[in-house]
Amino acid sequence: MTRHLPQPGCRELSFVLGHAVDDAGEVALEDYARVVLHAEAAEAVRAGEALVGVHACGLEADPSPAAARDVEDFARDLAARAGGGGLGWG
């Protein structure tokens, strides 16, 4: 899975705003997005220092608006914790 070689079932989820999240927080976001979106894999999308979305693979349909908001809310919460440190879900 890579966003540079998308396959059928891959979807790009774009955030309304970018969120500054550290590397550990990025991994936590990818894991969280995979679970919430019921994806086989998820990859955070960066623009400079900010996370601006998630590329998810193995989806049968576009994520629901509620699921997309949930993933972005998680990224926002991580950023509010001074970068996230990967903490916040389990």
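Among residues two or more places apart in sequence or in another chain, the side-chain contact (heavy atoms from CB on, under 4.5 Å) test is passed with D70 by Y32, V36. Checked against side-chain contact (heavy atoms from CB on, under 4.5 Å), A66 has the following partners two or more places apart in sequence or in another chain: S64, R69. Legend: residues meeting salt bridge (charged side-chain N to carboxylate O under 4.0 Å, His left out) with D73, ordered by chain and number and at least two apart, are R76. With sequence neighbours excluded, the residues satisfying side-chain contact (heavy atoms from CB on, under 4.5 Å) with A33 are L37, A42, V54, V71. Not counting sequence neighbours, E30 has no partner by the side chain to side chain donor-acceptor pair (under 3.5 Å) test.
Of all the heavy atoms in L51 and A44, the pair that sits closest is CD2-CB, 3.7 Å. In terms of heavy atoms, V21 sits closest to A75 at CG2-O, 3.8 Å. Taking every heavy atom of both residues into account, H38 and L59 meet most closely at O-CD2, 3.8 Å. The two residues A47 and V52 make their nearest non-hydrogen contact at CB-CG1, 3.8 Å.
Between the NE2 atom of H19 and the CZ atom of R46 there is a distance of 12.0 Å, given to the nearest 0.5 Å. Atom CZ of R81 is separated from atom CG of D22 by 11.0 Å, given to the nearest 0.5 angstrom. Rounded to the nearest 0.5 Å, atoms CZ (F74) and CG (D31) are 8.5 Å apart. Atom NE2 of H55 is separated from atom OG of S14 by 11.5 Å, given to the nearest 0.5 angstrom. Annotation: the span from D77 atom CG to L29 atom CG amounts to 11.0 Å, rounded to 0.5 Å.
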Checklist line | Check against salt bridge (charged side-chain N to carboxylate O under 4.0 Å, His left out), R34 and E40 | finding: CA-CA 7 Å; R34 185 180 45 76; E40 292 177 13; over 6 Å; no

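The stretch residues 52-65 participates, sequence neighbours left out, in these salt bridge (charged side-chain N to carboxylate O under 4.0 Å, His left out) pairs: R11-D62.
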